[in-house]
Structure formats: structure tokens, C-alpha cells
S.K.: 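Dropping the structure in here first, questions after.
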Amino acid sequence: MPEETLSVLDGSTFVLSDRRGDLIPGNGNEHGFFCDDTRFLSQWALRVDDTPLDLLGLDQEAHFASQFFLTPRVGTDDAAPCSVMRRRCVDRVWLEEITIVSHRLGASDILVELDVDSDFADLFEVKAGSVAPRSVHWRADGDALVLEYAHEEFFRSVTIASSRPAQITRHGMAFSFVLERGEQWTVALNITPRSAQPGTTFAGRAVHGSVDDVRRAKALELEEWLSDTPTLKTNDTGLARTYRASLTDLAALRLQPDLGDPATLPAAGLPWFMALFGRDSLITSFQALPYLPELAATTLRVLAARQAQAHDDFHEMEPGKILHELRFGELTATGRQPHSPYFGSADSTPLFVILLDEYHRWTGDDDLVRTLEPNARAALAWTEDGGDLDGDGYVEYFRRNQINGLVNQCWKDSGESIQFADGTLASGPIATCEIQGYVFDARRRGARLAREVWGDHALADRLDALAGALQEQFNADYWMPERGAHAIALDGNKRQVDSLSSNIGQLLWSGIVGVDEAATTVERLLDTPLFSGWGVRTLSAREAGYNPLGYHTGTVWPHDNSLIVAGLARYGHVEAATRLSSAILAAAPHFEYRLPEVFAGYPAELTSVPVAYPTASRPQAWAAGTPLLLLTTLLELEPATGSASVDLPGSIGAVALSRKPTPAGASPVSSPNGVARKIASPQRQPVGERTGPS
């Protein structure tokens with residue numbers, strides 16, 4: 001999202017404006033008022049006395065509220081005729097207050113105009129910068145402007161209700177009044193979206209008080225939510241601010257998938273990914289588990305409820321698969337997009353099992369693990385049948401929806417992400433290396449759950465055997481001795497895709513790599529071609545396709561680095577883990593302490609500061625989860641002890657994390673914020689002769 005764009009949001013309900021608070025219409029512009037993948041307002045421009053406004057000051061105290069201080073544009077030597085204040089808050093509806101204070105001598109006639117319009121565009125159209133025209137109907141309803149759009153069974157409307165009498169037209173509303181010098185005039189506007197489409201979350205949307213009332217209630221709710229998280233103690237103000245920013249970003253991104261249940265899960269990121277994503281929600285929940293375990297519980301329940309039960313090429317659906325993405329916009333509702341939901345990812349399914357086991361380790365919640373046993377078994381079965389397209393023991397992906405399915409169905413899901421060292425793109429079916437690591441880890445974790453919770457020792461033994469066989473086969477087929485690293489993938493002809501990439505770091509996280517190969521992998525990760533100084537690049541600077549501003553071909557992704565750090569620590573490379581963690585944490589202050597989805601891969605010695613990626617999502621869920629997983633790793637947290645501390649090199653120094661005492665009679669394991677020592681349990685270590693450090 002461009003830096004000049006301002007966001008005010010509450011989950012999947014958000015406003016994107018310029019820094020004056022206006023929504024400027026036009027294709028190629030991301031401005032708008034959005035709810036559940038529809039742009040309900042595409043224009044919202046304020047004028048006073050037919051004059052554009054200039055920004056004097058801006059205060060965004062929280063993700064859900066902002067204040068704009070403006071004045072009508074005047075000449076260099078002219079005094080401002082009045083002050084204009086806009087106060088905005090989003091809480092499943094949009095509330096805005098406009099206040100005018102006159103500075104003229106005597107009484108003055110003042111005209112306030114709001115230009116309003118809606119294209120009811122699907123979010124996919126807005127992202128593509130090409131919005132199809134729609135027939136939008138309007139009507140005045142008292143002092144409210146109502147805009148409506150219907151196509152077959154798809155219906156959307158938005159109501160702009162005014163607290164004062166207004167002159168209402170198709171294109172907005174106007175207010176005429178007289179003010180004495182120093183006198184103040186305020187209008188409150190409530191913008192409410194509505195839908196008749198089943199499955200959307202519009203039912204029950206209503207205004208609950210003034211902007212002040214809602215701001216106070218939202219602020220209190222946020223502080224209560226944050227109060228349940230562990231307390232960080234550090235003298236490094238940058239780390240303290242980064243920690244709080246991560247937690248508040250996750251609060252901003254919370255979706256409430258069931259209005260009858262207050263439980264929430266993380267959306268992927270603003271502005272294009274404010275929806276349920278399998279991979280993103282699972283990894284974010286993993287990162288946040290010691291801090292916000294309720295996110296994992298909701299994510300697991302919601303994804304299990306939508307697990308695929310049948311075959312469907314349009315939706316890339318197969319029995320046992322976990323969804324990739326769920327949308328509610330017009331293109332999806334009318335069948336032109338497959339996201340209802342879309343299952344085009346090969347990694348969400350093993351990640352589901354990984355999170356289920358990690359959730360159990362931190363909470364001891366046997367009940368949920370037993371409830372989701374059929375889903376976990378189905379997911380594990382998919383890795384053997386539907387996920388293994390040619391029966392060679394690896395999980396591959398191949399686009400079945402040739403019209404609008406994803407070519408690459410790993411976390412690097414852009415079209416150019418999987419390429420050979422010479423820049424040639426790999427063709428499918430593609431088996432990326434990190435997915436094999438996920439499958440290995442899922443089988444080891446599934447074996448633990450089968451043995452300790454489900455009471456199925458035969459399944460546990462079988463999964464352990466499958467994991468061991470995969471590990472041996474993988475290290476034989478993917479290892480490139482000449483490069484001292486594993487290939488990023490095997491292509492459709494089982495050739496090693498020989499680029500040096502960050503994917504090899506995630507192999508350490510899953511534990512599939514042997515000790516000797518791990519040591520060499522660490523050298524590759526922290527060598528100049530991959531390590532920018534701010535983090536590990538997605539693609540080595542020596543590859544032909546390297547681009548420091550390529551989405552997955554040379555940029556630095558914080559979440560990717562957080563998993564790499566966890567892998568480094570798992571194999572005992574603590575110094576390397578600390579170095580990489582310090583680099584990522586040092587980047588955060590340059591982004592207002594809120595790590596973005598991705599930033600440029602320029603070398604640190606060239607730029608001296610991390611360089612922004614032009615359209616990175618921020619807030620973004622797994623970027624927000626990155627500092628949390630880094631702290632978990634550096635402090636060697638484990639679900640048993642109530643506090644932990646460590647001395648970090650450089651300016652950070654001593655860091656400690658603690659949770660509230662466990663209530664008398666409660667088990668520390670079942671406490672929602674258990675914090676303890678040592679990141680990897682014995683059950684997660686590699687098996688056989690290639691076993692990593694315990």
C-alpha cells in the first residue's frame with residue numbers, strides 16, 4: 001500500500017484515503033470504503049465554500065481511529081477563514097464527524113459539500129486497476145443518502161446518514177449555515193454497508209454511539225485484549241515499541257468469522273488480503289501461539305469446518321485439503337472467481353497439522369485435538385494421495401484451474417518465484433523443498449498426536465516411518481553438493497531447480513535437514529548473496545533472475561526470516577539466529593516499528609536503511625507475527641515456565657518476558673499464555689542417522 005495512503009480499519013471493514021481523509025475516484029486508485037471484498041464508497045471528498053482543503057496535521061492514535069486538521073486553501077499572505085476537523089472511526093460501520101470553526105469577523109455564510117459515489121467494485125477489480133461500470137441506484141431517505149446495486153442475487157447498498165438536515169443529490173450532500181466568529185458547527189455521519197448475500201458478515205451492523213463513544217469502547221477493548229498477552233521487559237524502546245506494534249497490528253487484522261461467536265482469527269493483510277487465508281492464518285497463529293493462543297484455536301476450527309470433501313478443478317478442491325482463500329465479492333458470488341473458497345495451495349494442508357500439534361503443546365487442549373482428529377487424519381491422508389500427483393513420495397502442485405488459478409501454490413505464489421539459476425521458469429508439477437519439510441514435520445507431529453491423544457499407536461508408527469523415508473529420499477534428491485544447499489524445487493521432469501533461495505532456511509524450521517547439511521545451509525543463508533544485512537533475501541543476488549524489488553525474487557520477507565531464525569536455533573546455531581533476528585528487528589524502526597509484508601533486498605551497505613517495497617501490505621499478519629516468533633526463539637520459550645530472559649548483543653541488552661501467574665489449581669500447560677524455556681520438543685527432531693541436535 002503506498003505510503004501516502006491512510007488506513008482506518010476494523011478487520012475486513014476499512015477505509016483507505018489520502019492524508020486529508022478524502023477518497024479520490026478513478027481506476028488504478030485503491031481508495032475506498034471496503035467491507036468483505038466490496039468497495040462500498042469510491043468517492044468521499046470534502047470541500048468548504050467550494051474550496052479544496054489543505055492538511056495541517058494528522059493524528060492516528062490507533063488502527064480504528066484518526067483525526068485530520070485542515071483548512072481551506074488560501075494564498076501565502078492570507079489568513080485561514082476557518083478550521084476544519086474530521087474525526088473518523090471504524091467499528092464494523094464507518095463513523096465520521098466534521099467540525100467547522102469560523103475565524104472571520106462577524107457572521108459568515110458557510111457551505112460544506114461532500115462529493116459521494118460508489119462503484120460497488122469487487123476487490124479483485126480494484127487491485128487490478130480495472131473496474132467494470134455498474135448501474136448504481138440512489139435515493140434520499142430523510143437526511144440519508146442511500147446507494148444500491150443489484151446483479152442477480154448479489155445485492156449491496158450503503159447508507160450515509162446525517163445528524164443534520166442536508167441537501168441530498170445523487171452525487172452527495174451539502175450543508176449551508178451561518179457561523180459567528182469563533183462559533184462551531186458539527187455534523188455526524190454514519191456510513192453503514194448492507195448485503196443480502198448469504199455468508200457475509202453484514203447482519204447486525206449498526207451504529208453504537210458517537211465517534212467519542214466508539215473510540216473509547218474500541219480503545220478499552222484493545223487494552224483488555226493486550227492485557228492478556230505476556231509482558232515484555234526491556235530497556236530498548238525500539239524493541240518495546242515493535243512488540244506492542246506487532247500485537248496491535250494483529251488486533252487490527254482480526255476477523256470474526258461467526259457473529260454468534262466472539263472468537264477471532266487473523267486476516268492476511270491490508271488492503272488486498274483482508275480475508276481468511278489458510279497459509280497466512282496458520283503461520284501467523286503459529287508465530288503468535290505463546291502470546292495469543294486463541295487465534296490458533298479459531299483458525300483451526302474455522303479451517304476444519306471448510307476442509308474439502310470432494311474433487312472440483314475450478315476450485316482446485318480435493319478431499320482433505322485446507323483452503324487457500326475465502327472471498328465474498330461479486331466476482332466470487334457469481335462464479336467468475338473460484339474463491340468460495342479456493343483451495344490452490346499445497347502447503348496449507350500440512351501446516352494445519354503442524355499448528356494443531358503446536359497448539360496442543362502450548363495449551364494441553366486435548367478436547368480440540370480430539371474434535372479435529374478426523375480433519376487432521378484427512379489432511380495427513382491428502383499428503384499421501386491427492387497431494388502426491390505422481391506417486392513419487394513428494395507433494396507437488398499443478399494448476400488445475402487454467403483460467404484464474406495460481407501457477408505457483410507455495411508461499412512464494414507469484415508467477416516468477418520458482419526459477420532455475422539461469423532465470424528459466426520451472427514447469428509443473430512442482431515440488432518445492434519447503435513443502436516437503438512441512439509434510440515431514442506434519443507427519444512427525446501427527447505421530448505424536450496419534451500416540452499421546454488419539455491412542456492410535458499403529459498410525460503413529462506408520463507416520464513416523466513415512467517421515468523417516470521422506471527425510472532420506474528428500475536429502476538424496478534435493479541436495480546440490482556443488483552449491484552446498486538444497487534445490488528450491490524439483491520440476492515436472494524431476495530436475496533440481498538449482499536457484500539458491502531462502503526456502504532452504506525453512507527446511508531447518510521443519511527439521512528435515514541432516515546435521516552436516518544444516519551447517520552448510522547456515523553458511524549459505526548468512527553469506528552475502530542471500531543475506532542483505534537486513535535479512536535473508538528470497539533469491540540469491542547471484543542468480544540471473546535476482547531483482548531487489550522482485551516480489552519473490554530478491555526481496556526480504558520478515559515472516560520467512562522468522563521461520564529461518566527458529567530453524568537456526570533448532571540446530572543449535574544460536575549466534576546465527578541472534579544475528580539474523582537483530583537484523584530484522586533493526587529494520588522495524590524504519591517502518592514506524594510495524595514490519596511490512598516485504599521490503600527491498602538492497603544490501604545494507606548500499607542504502608544504510610531498509611528500502612520499502614512499493615505496494616507492501618501493512619499491517620500484514622505474518623509480518624506482525626515475526627517479532628513474536630523471534631522473541632520466542634531468542635528466549636527459548638517453551639510451555640512450562642512463567643518467565644524467561646536473555647542478554648542480546650548490541651544495543652538491545654537484557655530482555656525478559658513473563659505472563660500473569662497461573663490461577664491456583666490450574667495447569668501451567670493449559671494456561672493460555674504459558675511461557676517457558678526451550679523451543680523444540682524431542683518429538684519434533686529429525687529421526688534416524690540424520691537426526692539434528694536435541
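None of these values were measured; they are calculated from a predicted model. Positions are given from 1 along the sequence.
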S.K.: What's the spacing between H486 NE2 and T432 OG1 if we round to 0.5 Å?
M.R.: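 Interatomic distance, H486 NE2 to T432 OG1, rounded to 0.5 Å: 13.0 Å.
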
S.K.: Identify the two heavy atoms, one from A376 and one from V353, that lie closest to each other, and give their separation to 0.1 Å.
M.R.: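 Shortest heavy-atom contact: O-CG2, 4.1 Å.
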
S.K.: Between R370 and E373, does at least one N-O distance fall below 4.0 Å, as a salt bridge requires?
M.R.: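 Looking at E373 together with R370, the answer is no, because their closest N to O distance does not fall below 4.0 Å.
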
S.K.: Could you walk me through whether E396 and K494 satisfy the salt bridge (Lys or Arg N to Asp or Glu O under 4.0 Å) test, starting with their C-alpha distance in whole Å, then the side-chain angles of each, then the deciding distance to 0.1 Å, before giving a yes or no?
M.R.: CA-CA 11 Å; E396 301 97 353; K494 303 304 174 186; 3.0 Å; yes

S.K.: If you measure from the Lys or Arg side-chain nitrogens to the Asp or Glu carboxylate oxygens, is any gap between R400 and E318 under 4.0 Å?
M.R.: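 E318 and R400: salt-bridged.
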
S.K.: Below 4.5 Å, heavy atoms only, C-beta onward: do I488 and F420 meet side chain to side chain?
M.R.: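 In short, these two side chains do not touch, never coming nearer than 4.5 Å.
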
S.K.: Can you name the nearest heavy-atom pair linking G511 to Q471, along with the distance?
M.R.: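 Where G511 meets Q471 most closely, the heavy atoms are O-NE2, 3.7 Å.
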
S.K.: Is there a side-chain contact between L525 and L568 (heavy atoms, below 4.5 Å)?
M.R.: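 A side-chain contact under 4.5 Å exists here.
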
S.K.: Measure the acute angle between the ring planes of H559 and W411, then classify it against the limits of 30° and 60° as parallel, tilted or perpendicular.
M.R.: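 Judged by the thresholds at 30° and 60°, the geometry between H559 and W411 is perpendicular.
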
S.K.: Mind checking the CG-CG spacing from L630 to L635? Nearest 0.5 Å is all I need.
M.R.: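 Result: 10.5 Å between the selected atoms.
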
S.K.: Drop me the distance from E597's CD to Q620's CD, to the nearest 0.5 angstrom.
M.R.: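 That separation rounds to 4.5 Å.
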
S.K.: Applying side chain to side chain contact (heavy atoms under 4.5 Å, CB included) to D456 and R377, what does each step give before you reach the verdict?
M.R.: CA-CA 11 Å; D456 189 339; R377 285 176 178 267; 2.8 Å; yes

S.K.: Got a donor-acceptor contact below 3.5 angstrom from the N408 side chain to the C410 backbone?
M.R.: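 Side chain of N408 to backbone of C410, a donor-acceptor pair under 3.5 Å: no, none is there.
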
S.K.: Given Q409, which partner from the list H324, R399, E316 fulfils the side chain to side chain donor-acceptor pair (under 3.5 Å) test?
M.R.: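 It is E316, the one option of H324, R399, E316 that forms the side chain to side chain donor-acceptor pair (under 3.5 Å) with Q409.
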
S.K.: State, with a plain yes or no, whether a side-chain heavy atom of L276 is found less than 4.5 Å away from one of L303.
M.R.: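 A side-chain contact under 4.5 Å exists here.
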
S.K.: With side-chain hydrogen bond (donor to acceptor under 3.5 Å, both in side chains) as the test, would you mind laying out the steps for Q287 and W622 before giving the verdict?
M.R.: CA-CA 8 Å; Q287 293 171 313; W622 57 22; over 6 Å; no

S.K.: Does any N or O in the side chain of S501 come within less than 3.5 Å of the main-chain N or O of L539, such that one atom is a donor and the other an acceptor?
M.R.: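 Flag not set: sc S501 to bb L539 has no pair under 3.5 Å.
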
S.K.: Return yes if some donor-acceptor pair links the side-chain N/O of D527 with the main-chain N/O of P529 below 3.5 Å, else return no.
M.R.: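 No, because the side chain of D527 does not come within donor-acceptor range (under 3.5 Å) of the backbone of P529.
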
S.K.: Work out which heavy atom in A310 is nearest to a heavy atom in M317; give both atom names and the distance.
M.R.: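 Heavy atoms of A310 and M317 come nearest at O-CG, 3.1 Å.
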
S.K.: Has N475 got a side-chain atom pairing as donor or acceptor with I512's backbone, closer than 3.5 angstrom?
M.R.: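 Looks like yes, one N/O pair under 3.5 Å.
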
S.K.: For L250 versus T284, what's the shortest heavy-atom pair and its separation?
M.R.: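 Heavy-atom minimum between the residues: CD2-CG2, 3.6 Å.
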
S.K.: Check whether any side-chain heavy atom of D560 lies under 4.5 Å from a side-chain heavy atom of V536, and answer yes or no.
M.R.: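 No, every pair of side-chain atoms sits at 4.5 Å or beyond.
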
S.K.: Can T632 and Y291 be said to form a side-chain hydrogen bond (donor to acceptor under 3.5 Å, both in side chains), step by step?
M.R.: CA-CA 9 Å; T632 299; Y291 312 85; 3.0 Å; yes

S.K.: For residues F531 and A583, report the shortest heavy-atom separation together with the two atoms involved.
M.R.: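 Smallest heavy-atom distance, with atoms named: CZ-CB, 4.0 Å.
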
S.K.: Is a donor from one side chain sitting under 3.5 angstrom from an acceptor on the other, for Y342 and N401?
M.R.: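 Checked: Y342/N401 side chains show no N/O donor-acceptor pair below 3.5 Å.
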
S.K.: If only atom types and distance count, is the side chain of D388 paired as donor or acceptor with the main-chain N or O of D392 below 3.5 Å?
M.R.: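 Answer holds: yes.
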
S.K.: Contact between W557 and S502 at the side-chain level, heavy atoms closer than 4.5 Å - yes or no?
M.R.: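 The answer is no; the side chains never approach within 4.5 Å.
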
S.K.: Evaluate F286 against W509 for ring-ring contact (aromatic ring centres under 6.0 Å, His included), listing each step before the verdict.
M.R.: CA-CA 12 Å; F286 182 99; W509 176 58; 5.2 Å; yes

S.K.: State, with a plain yes or no, whether a side-chain heavy atom of R306 is found less than 4.5 Å away from one of F343.
M.R.: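 Answer no - side chains too far apart.
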
S.K.: Is there a donor in the side chain of D366 and an acceptor in the side chain of H360, or the other way round, less than 3.5 Å apart?
M.R.: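 A donor-acceptor contact under 3.5 Å links the two side chains.
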
S.K.: Does any N or O in the side chain of T349 come within less than 3.5 Å of the main-chain N or O of I322, such that one atom is a donor and the other an acceptor?
M.R.: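 Side chain of T349 to backbone of I322: a pair is present.
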
S.K.: Give a yes or no on whether R462 atom CZ has more than 12 heavy-atom contacts from other residues, nucleotides or ligands under 6.0 Å away.
M.R.: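 No, not enclosed.
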
S.K.: When you compare the side chain of N503 with that of Q506, does any pair of heavy atoms fall below 4.5 Å?
M.R.: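 The answer is no; the side chains never approach within 4.5 Å.
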
S.K.: Within the distance-only criterion (no hydrogens, no angle test), does the side chain of D249 pair as donor or acceptor with the backbone N or O of A624 below 3.5 angstrom?
M.R.: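 No.
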
S.K.: For W225 and A251, which heavy atoms make the closest approach, and how far apart are they?
M.R.: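 The answer is CZ3-CB, 3.3 Å.
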
S.K.: Counting only N and O atoms by type, is there a donor-acceptor contact under 3.5 Å from the side chain of K412 to the main-chain atoms of T538?
M.R.: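 Yes, the answer is positive, given that a donor and an acceptor are paired below the 3.5 Å cut-off.
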
S.K.: Please walk me through it: do D464 and R444 pass salt bridge (Lys or Arg N to Asp or Glu O under 4.0 Å)?
M.R.: CA-CA 6 Å; D464 275 336; R444 295 303 307 274; 3.1 Å; yes

S.K.: For D357, run the salt bridge (charged side-chain N to carboxylate O under 4.0 Å, His left out) check against R451, R448, R443 and tell me which one passes.
M.R.: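 Of R451, R448, R443, salt bridge (charged side-chain N to carboxylate O under 4.0 Å, His left out) with D357 is met by R448 alone.
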
S.K.: Would you please test L508 and V522 for side chain to side chain contact (heavy atoms under 4.5 Å, CB included) and show each step?
M.R.: CA-CA 9 Å; L508 303 178; V522 174; 4.2 Å; yes

S.K.: Quick one, E294 with D228, criterion side chain to side chain contact (heavy atoms under 4.5 Å, CB included). Give me CA distance, side-chain angles, the key distance, then yes/no.
M.R.: CA-CA 11 Å; E294 65 273 16; D228 285 337; 6.0 Å; no

S.K.: Within a reach of under 6.0 Å around CD of E575, are more than 12 heavy atoms found that belong to other residues, nucleotides or ligands?
M.R.: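 No, the 6.0 Å shell around CD holds no more than 12 heavy atoms from other groups.
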
S.K.: Just by modelled atom types, is the L507 backbone N or O under 3.5 Å from a matching donor or acceptor in the S510 side chain?
M.R.: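 Pair found, side chain donor or acceptor close to backbone of L507.
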
S.K.: Spell out, as yes or no, whether a donor-acceptor pair under 3.5 Å connects the side chain of Q496 to the backbone of W479.
M.R.: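 Checking the backbone N and O of W479 against the side chain of Q496, a donor-acceptor pair under 3.5 Å is found.
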
S.K.: Would you indicate whether the side-chain heavy atoms of T299 and P266 approach each other to under 4.5 Å?
M.R.: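 P266 vs T299: side chains touch.
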
S.K.: Say you draw a straight line from CG of L530 to CZ of R524; how long is it, rounded to the nearest 0.5 Å?
M.R.: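 Rounded to the nearest 0.5 Å, the CG-CZ separation comes to 9.0 Å.
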
S.K.: Working to the nearest 0.5 angstrom, can you tell me the gap between D365 CG and L356 CG?
M.R.: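 The CG atom of D365 sits 9.5 Å away from the CG atom of L356.
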
S.K.: Show, in sequence, the C-alpha distance, side-chain angles and deciding distance for W362 and L637, and conclude whether the side chain to side chain contact (heavy atoms under 4.5 Å, CB included) test is met.
M.R.: CA-CA 10 Å; W362 281 96; L637 305 184; 3.9 Å; yes

S.K.: What distance separates L585 CG from L239 CG, expressed to the nearest 0.5 Å?
M.R.: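 So the CG of L585 and the CG of L239 are separated by 6.0 Å.
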
